[in-house]
Amino acid sequence: MKMRRFLSVLFIVTALFSTFSCSNNENNAPKKAKNVIVLIGDGMGPAQVYSLILTSPEATAFERFPYSGFSITKSASNEITDSAAGGSAIANGTKSNNGNVGLNADSIPMPSMLEIFAEQGKKTGVVVTCAVTHATPADFLAHNVTRKDNEGIALEISEKEGLDVLIGGGKKYFTERKDSLDLLGKMWENGWNIYDSLEQIEDNGAKTMVLTCRKHIDKAPDRGDFLPKATAKAIEMLDNENGFFLMVEGSQIDFACHDNDSATLVEEMIDFNNTLNVVLDFAEKDGNTLVVVTADHETGGLTIVDPQGKYTRTDFKWSTGSHSAVFVPVFSYGPGAEKFSGVMDNTEIINRIMQVAK
Ligand SMILES: [Zn+2]
């Protein structure tokens with residue numbers, strides 16, 4: 001008797017649930033993302049994020065992400081990765097050796113997610129505060145056995161098809177070259193709009209490159225609101241009916257941490273936070289954009305402690321001028337964002353993005 005009642009209740013609950021799920025989702029297919037924006041805080045471990053939370057008077061952008069996880073960052077060659085191998089794993093989904101850009105562990109070039117999305121007909125862009133030839137942007141744009149070959153990476157970028165917007169520094173690698181090639185002139189002839197500042201941009205649908213300085217852009221706060229502004233401009237230029245892929249890097253979080261410079265770290269995190277808010281505001285309005293935020297590795301071995309062990313004050317303590325081997329966070333928002341929770345290898349991130357992107 002009891003069993004029969006249980007079965008009939010179960011039947012009613014099941015029927016109700018299936019009616020509910022049918023009426024809310026016609027074919028039960030999960031929603032796909034038309035646009036994908038990946039933001040990388042170079043050197044941004046959990047303590048770097050927490051440094052912003054401790055010093056921010058308001059809730060941070062990180063608290064706007066409904067899902068978060070942890071990424072394992074070791075490279076093929078080292079338990080402590082550099083930016084080249086760490087960024088490559090995110091960009092193309094394979095472990096490679098420290099120093100390599102856009103290759104797998106056998107030094108074979110691997111297509112980056114930017115290249116895959118371009119092949120699929122999406123517009124693509126990269127926005128950074130370092131030279132555009134630096135390790136992380138190079139991982140998405142080039143393939144080279146050494147990150148130090150800035151001029152070779154610039155040459156590859158100058159000939160790149162399927163790239164629509166590139167904003168950062170590093171002009172000297174295009175113009176002051178050992179081979180005397182005038183890469184900017186060549187790109188201009190090939191239809192690129194090339195500018196020195198964001199203010200000069202005229203969006204006429206052409207490919208657009210902004211190189212604001214010879215090498216890296218100024219550190220925060222000296223560069224003003226360059227990164228959030230450049231990110232907003234890139235989104236405006238890339239947004240189209242086939243969708244877009246954009247990679248944005250808070251490049252100099254890493255620089256501040258290499259210098260063990262706590263005040264500049266907080267300024268860089270404020271700048272990255274403002275950039276995240278620009279991206280999330282767009283994604284919220286758009287409804288078709290997946291946003292994934294992560295890091296290539298932690299820099300500085302940062303901990304935040306009371307040196308007296310009394311819990312009454314907080315001091316930033318740095319344990320290295322180099323990188324460390326700790327988890328880095330992953331935050332996600334938008335269609336398919338739930339796929340980025342839990343512990344994942346950094347090579348998994350591209351797979352999960354590809355499952356979600358349409
Ligand atoms: Zn570094």
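The structure displayed is predicted, hence computed values, not measured ones. In each ligand, atom 1 is the first atom listed, and ligand 1 is the first ligand listed.
In this structure, OD2 of Asp254 and NE2 of His323 enclose an angle of 160° at the Zn ion (ligand 1), rounded to 10°.
Backbone or side-chain N, O or S atoms of Asp42 do not reach the Zn ion (ligand 1) at under 2.8 Å. At least one N, O or S atom of His258, from either the backbone or the side chain, sits less than 2.8 Å from the Zn ion (ligand 1).
A salt bridge between Lys34 and Glu241 is absent, with no side-chain N of the basic residue lying under 4.0 Å from a carboxylate O of the acidic one. Between Arg352 and Glu348 there is a salt bridge, since at least one side-chain N of the basic residue sits less than 4.0 Å from a carboxylate O of the acidic one. Taking the charged nitrogens against the carboxylate oxygens, Asp281 and Arg64 do have a contact shorter than 4.0 Å, which makes a salt bridge.
Asp139 contributes no side-chain N or O that, together with a main-chain N or O of Val101, makes up a donor-acceptor pair within less than 3.5 Å.
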